[in-house]
Structure formats: structure tokens, C-alpha cells
Trainee: 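Okay, here's the structure, questions in a sec.
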Amino acid sequence: KSSSNAVAPPPATRRYPTVKFRSYQSRKRILITGGTGFVGSHLTDKLMLDGHEVVVLDNQFTGRRRNVEHWIGHPNFELVHHDIVNPYLVEVDQVYHLASPASPPHYMYNPVKTIKTNTLGTINMLGLARRVKATMLLASTSEVYGDPEVHPQPETYWGHVNPIGPRSCYDEGKRVAESLMVAYHKQEKVDIRIARIFNTFGPRMHMNDGRVVSNFILQALQNKSITIYGAGNQTRSFQYVDDLVDGLIALMNSNVTIPVNLGNPEEHTISDFAVIIRDLVGSKSEIVNKPKQTDDPQQRKPDITRAGELLGWKPKVSMKDGLKKTIEFFRKELQNEKKEIEE
Ligand code: NAD
Ligand code: UDP
């Protein structure tokens, strides 16, 4: 039995979080593709609480209904099971286009599907945005910079991507998605926003996500070995999900059509990161080195000057504060899982 299959009580008995009252004129209809996933569900919460109408489109590949379950039945909310590789039409003012597997094991699981989602899926959503004259924001990624030779990475850097490596289905998929955005902007006058998102973490990451934050926390909580891929001197910079959501909304509501990095410049080696997590959890886990992953970027840190200048945005949550909240989330997930097995 999986905790993700928990069923919501019938709507009549539901109590929803209190949403802000908005006049018809100031309320927006917003489509979020990938809205039951990790980032998408936090974005859904923020926009719902702010009094907007939200339509979530998701094929539940890595998303879970229970991430948005607390809104099901609310008059401002709609959940649609749909694969964006197929066209979809809905009248909306804004599209946050997040649908795509995001963790390396998930996007490498079916590379052809990852490419289809990022190319055909993005064309379908741009077609929708063109028809209904919606503003469309693409959740792009720091992976467009590949294994970067410029550090930290500004938006002006063109990147260093292996087009035939195991990560290329995602990296090149997102690069084509960006090209599609600018082509539809230029040719079809679609109003676009491009967010280049750097490593983000927080509650609601999938237990099987496979990315470093959830792996290390789960390993530490269970006193299992913490697995570092390679020597551990590769670096990443981690941002808490609430900061990202604020940045996505600020970008959407700006008039900035050029790409904008959204990330927290607090950079750590993966070895340091393992020790930080083990200490925060208070775990006895040993730290072990596993084989290096092919084409693993060796350094990554966002230059967020542009986001500061054009959006007045910068991250507010320190990595340690964010990690503490995430550790609590996974501690509860493990307890729930244990309870379900016992029942
Ligand atoms: P996630 O895997 O939790 O969410 C992705 C969502 O997209 C899931 O709900 C999944 O079911 C859905 N999806 C995938 N393919 C689909 C399809 N064909 N049709 C409909 N829905 C589909 O990942 P996330 O971390 O929430 O990432 C969200 C977006 O942000 C992704 O586009 C990702 O590339 C981007 N991003 C995330 C990070 C990060 O660190 N979390 C970093 C850079 C970019
Ligand atoms: N990583 C690791 N152990 C794990 C998972 C990931 O050492 O259990 C490393 C991975 O090789 C990479 C970094 O952590 O160098 C970040 O990996 P993640 O999959 O989180 O994101 P991405 O590589 O896409 O930045």
C-alpha cells in the first residue's frame, strides 16, 4: 500500500485553507502543467491562497495527487489528468509550464518521452498560449549550461552540453524548449518568460526522487550509508522551494522576456553537503563513494544579478533552515510509511 494513494474525504466534509478574496477583475485563471509535482504543488498553494483560479494539468508520472489533495473540490481549483504530449485547450490568462521529469533517474528512465515532453509538450502549451493570448512561463534549468566552463553562470553564458550524453534528453530538451519560446515570441507574439532554475529542494520531494537532497536525508534518517557519486568535489548551490516559487511569480508578473536565473548562490561541494546533512539529522551514517556519473557537471552556482536588477528578487531562506524543514518532512514520511506497513 502506498501513502500516495490516500483518498481525500468527500468534499462536503472538507475544510479548505482560507484563500484571499479577489474581485473578478483582479482574479486570474492560471494553468500549471506539472502542478502535482514537487515545485508545481507549492506554486499551486501560493496562487490558490492568493485568490486565483488554478487548473493543474499532470500525467502523474512523478507527481502525486496527494500533493494538491487539500484543494480538490475547491471551486477555484481543477485537477486534470492529461499528458502534455497531446494538445489541450483551456481559457487561461497565464501558463506556468513545469511538466517534465526533473531528477536524473526520472528523466533518464524514458529519454524519448523526456524529449517528447519538452519539445512536443512545449509546442502544445505555446499553441495554447497563442490561441488564448496567455503569458507563458517555461521552467527551464541550469542544466542548459551543461558542465559549465564559466563560474558562476550568468544568463549570457551559452553552456557546455554533450548532445549525445545520458543527460542530453533533458538538457537538450530544455534548450529546444527555450528556442521554441523565443521563436513563438518573435514569430507569433506570444508573451514569454524563461526561468532558469537551479537545484531546488523542500518538502514534497518524492521519496524515490533520486536527487542528492532527498537521497542524503533519507539515508541519514535511516542510518544507511550516504552515497557520494565520484570524489564529491563537484559543487551545487541549493535553493529552498519557497524562494523559487516567489521568483517564478515575480518573473511571471514582470515584463521580462529574456531568461532569468533563479537559484541560491550558496555553493557547497557534495562531500561537505553530506556532512552538513548528517550533522543536521544527528545520524550515524557512514559516507561512502560510489562511481562517478557520466557527464556530471563539476561546478554550479547561479549569478543572480539579473533577477535582482529586473525583479528585485533574491533568496531569503538559508540552506540550513530549508534543510531543517525538509528533514522534518522526510521524518514524517518515513513514520507514515512505517505505520502503513504495520496496518
Ligand atoms: P517533479 O518531477 O516533481 O514534477 C514534474 C511534474 O511534471 C510531475 O508532476 C510529473 O508528473 C509532470 N509531468 C512529467 N511529464 C509530463 C507529461 N508528459 N504530461 C503532463 N505532466 C507531466 O519535478 P520538479 O522538481 O517539481 O520540477 C518541476 C519543473 O522545474 C520541471 O520542468 C523541471 O525541469 C524544472 N526544474 C526543477 C529543478 C529542481 O531542482 N526541482 C531544477 C531545474 C528545473
Ligand atoms: N549525487 C550524489 N549522491 C546521490 C545523488 C546525487 O553524490 O545519491 C550527486 C550527483 O552526482 C551530482 C549532485 O549530487 O553531482 C547533484 O545531483 P542531483 O541529482 O541532485 O542534481 P543535478 O545533478 O541534476 O544537479
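Heavy-atom basis, side chains included; hydrogens, waters and symmetry copies ignored. We count ligands from 1, going down the list as the structure has it; atoms in each ligand are counted the same way. Remember, predicted model here, so these are calculated numbers, not experimental data.
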Trainee: Go through ligand 1 atom by atom and flag the ones less than 4.0 Å from a non-hydrogen atom of Phe61.
Mentor: 11 (O)

Trainee: With heavy-atom distances below 4.0 Å as the criterion, list the atoms of ligand 1 near Gly34.
Mentor: 6 (C), 7 (O), 9 (O), 12 (C)

Trainee: Looking only at protein heavy atoms, which one is nearest to atom 5 (C) of ligand 2, and how far off is it?
Mentor: Tyr229 CE1, 3.3 Å

Trainee: Measuring from non-hydrogen atoms of Gln60 to any atom of ligand 1, is the shortest distance under 4.0 Å?
Mentor: yes

Trainee: Just distances here: any N/O of Gly63 and N/O of ligand 1 closer than 3.5 Å?
Mentor: yes

Trainee: For a quick test of reading the model, state the closest non-hydrogen atom pair linking Thr33 to His97 and the distance between them.
Mentor: OG1-ND1, 2.8 Å

Trainee: Can you report which non-hydrogen protein atom sits closest to atom 16 (C) of ligand 1, along with the distance?
Mentor: Asn59 OD1, 3.3 Å

Trainee: Report the C-alpha separation of Tyr88 and Asn124 in whole Å, then their side-chain angles, then the decisive distance to 0.1 Å, and conclude whether the side-chain contact (heavy atoms from CB on, under 4.5 Å) test is met.
Mentor: CA-CA 7 Å; Tyr88 188 81; Asn124 286 332; over 6 Å; no

Trainee: Would you say ligand 1 has an N or O under 3.5 Å from any N or O of His97?
Mentor: no

Trainee: In this structure, does ligand 2 have an atom that sits under 4.0 Å from one of the heavy atoms of Phe216?
Mentor: yes

Trainee: Other residues, nucleotides and ligands only: do more than 12 of their heavy atoms fall within 6.0 Å of CD1 on Ile164?
Mentor: no

Trainee: Looking only at non-hydrogen atoms, which of Val68, Asn124, Leu43, Ile84 approaches atom 19 (N) of ligand 1 most closely?
Mentor: Ile84

Trainee: So if I count the atoms of ligand 1 from 1 in the order they appear, which ones are less than 4.0 Å from some heavy atom of His82?
Mentor: 19 (N), 20 (C)

Trainee: Are any of the N or O atoms of Gly37 closer than 3.5 Å to those of ligand 1?
Mentor: yes

Trainee: Nearest protein heavy atom to atom 13 (C) of ligand 2, by residue and atom, and its distance?
Mentor: Ile270 CD1, 3.7 Å

Trainee: Closest approach of Tyr16 and Ile72, non-hydrogen atoms and distance?
Mentor: OH-O, 2.9 Å

Trainee: Where on Arg211 is there a heavy atom closer than 4.0 Å to ligand 2, on the side chain, on the backbone, on both, or on neither?
Mentor: both

Trainee: Students should be able to answer this: which protein heavy-atom is nearest to atom 16 (C) of ligand 2, and at what distance?
Mentor: Arg236 NE, 3.6 Å

Trainee: Tell me whether Arg167 is salt-bridged to Glu172, with the criterion being a basic N under 4.0 Å from an acidic carboxylate O.
Mentor: no

Trainee: Quick one: does Asp58 get a heavy atom under 4.0 Å from ligand 1?
Mentor: yes

Trainee: I'd like to check whether Val39 has a polar contact with ligand 1, where a contact means an N/O of the residue lying under 3.5 Å from an N/O of the ligand.
Mentor: yes

Trainee: Give me the residue, atom name and distance of the protein heavy atom closest to atom 8 (O) of ligand 2.
Mentor: Asn215 ND2, 2.8 Å

Trainee: Show the atoms of ligand 1 that are less than 4.0 angstrom away from any heavy atom in Asn199.
Mentor: 40 (O)

Trainee: Are any of the N or O atoms of Gly40 closer than 3.5 Å to those of ligand 1?
Mentor: no

Trainee: Which residue supplies the protein heavy atom nearest to atom 23 (O) of ligand 1, what is that atom called, and how far is it?
Mentor: Ala102 CB, 3.4 Å

Trainee: Does the side-chain contact (heavy atoms from CB on, under 4.5 Å) test come out yes or no for Ile194 and Val260, once each step is laid out?
Mentor: CA-CA 6 Å; Ile194 300 173; Val260 179; over 6 Å; no

Trainee: In the protein, what heavy atom is nearest to atom 1 (P) of ligand 1, and what distance, to one decimal place, separates them?
Mentor: Thr62 OG1, 3.6 Å

Trainee: Any N/O of Phe38 closer than 3.5 Å to an N/O of ligand 1?
Mentor: yes

Trainee: Give the residue, atom name and distance (to 0.1 Å) of the protein heavy atom nearest atom 18 (P) of ligand 2.
Mentor: Val212 N, 3.8 Å

Trainee: Looking only at protein heavy atoms, which one is nearest to atom 25 (O) of ligand 1, and what is the separation?
Mentor: Arg211 NH2, 3.1 Å

Trainee: Please determine if Lys113 has a nitrogen or oxygen closer than 3.5 Å to a nitrogen or oxygen of ligand 1.
Mentor: no

Trainee: Using heavy-atom distances only, which candidate in Thr114, Leu138, Ile197, Asn67 approaches atom 43 (C) of ligand 1 most closely?
Mentor: Ile197

Trainee: Which protein non-hydrogen atom lies closest to atom 18 (N) of ligand 1, naming both residue and atom, and how far is it?
Mentor: Asp83 OD1, 3.0 Å

Trainee: Tell me the protein heavy atom at minimum distance from atom 5 (C) of ligand 1, and give that distance in Å.
Mentor: Ser100 O, 3.3 Å

Trainee: Quick one: do Met48 and Asn76 satisfy side-chain contact (heavy atoms from CB on, under 4.5 Å)? Show the steps, please.
Mentor: CA-CA 7 Å; Met48 281 294 295; Asn76 289 359; 3.8 Å; yes

Trainee: Under 4.0 Å from a heavy atom of Thr36: which atoms of ligand 1 are those, numbered in the order shown and with their elements?
Mentor: 9 (O)

Trainee: Is it true that Tyr170 lies under 4.0 Å from ligand 1, counting heavy atoms only?
Mentor: yes

Trainee: Can you find a non-hydrogen atom of Lys174 under 4.0 Å from ligand 1?
Mentor: yes

Trainee: In this structure, does ligand 1 have an atom that sits under 4.0 Å from one of the heavy atoms of Ser140?
Mentor: yes

Trainee: Just need the protein heavy atom nearest to atom 30 (O) of ligand 1, so name the residue and atom and give the distance.
Mentor: Ala139 CB, 3.7 Å

Trainee: Determine, considering heavy atoms only, which of Asp209, Thr200, Leu98 sits nearest to atom 32 (O) of ligand 1.
Mentor: Leu98

Trainee: Compute the ring centroids of Phe38 and Phe201, then answer whether they are less than 6.0 Å apart.
Mentor: no

Trainee: Measure the distance from atom 23 (O) of ligand 2 to every protein heavy atom, then report the residue, atom name and distance (to 0.1 Å) of the closest one.
Mentor: Arg167 NH2, 2.9 Å

Trainee: Do the charged groups of Arg300 and Glu143 touch, with an N to O distance under 4.0 Å?
Mentor: yes

Trainee: Considering heavy atoms of the protein only, find what lies nearest to atom 21 (O) of ligand 2 and give residue, atom and distance to 0.1 Å.
Mentor: Asn199 ND2, 3.5 Å

Trainee: Would you mind telling me if ligand 2 is within reach of the side chain of Lys290, the backbone, both or neither, using heavy atoms under 4.0 Å?
Mentor: neither

Trainee: What's the shortest distance from atom 11 (O) of ligand 2 to any protein heavy atom, and which residue and atom give it?
Mentor: Asp296 OD2, 2.5 Å

Trainee: Please say whether more than 12 non-hydrogen atoms of neighbouring residues, nucleotides or ligands are located less than 6.0 Å from NZ in Lys292.
Mentor: yes

Trainee: Give me the atom names and distance for the closest heavy-atom approach of Val132 to Val90.
Mentor: CG1-O, 3.6 Å

Trainee: Please check if atom CZ in Phe61 has more than 12 non-hydrogen atoms from other residues, nucleotides or ligands closer than 6.0 Å.
Mentor: yes

Trainee: Using a 4.0 Å heavy-atom cut-off, which part of Val213 comes near ligand 2: side chain, backbone, both, or neither?
Mentor: neither

Trainee: Provide the closest heavy-atom pair for Glu155 versus Tyr145 in the form atom of the first, atom of the second, distance.
Mentor: CA-OH, 3.3 Å

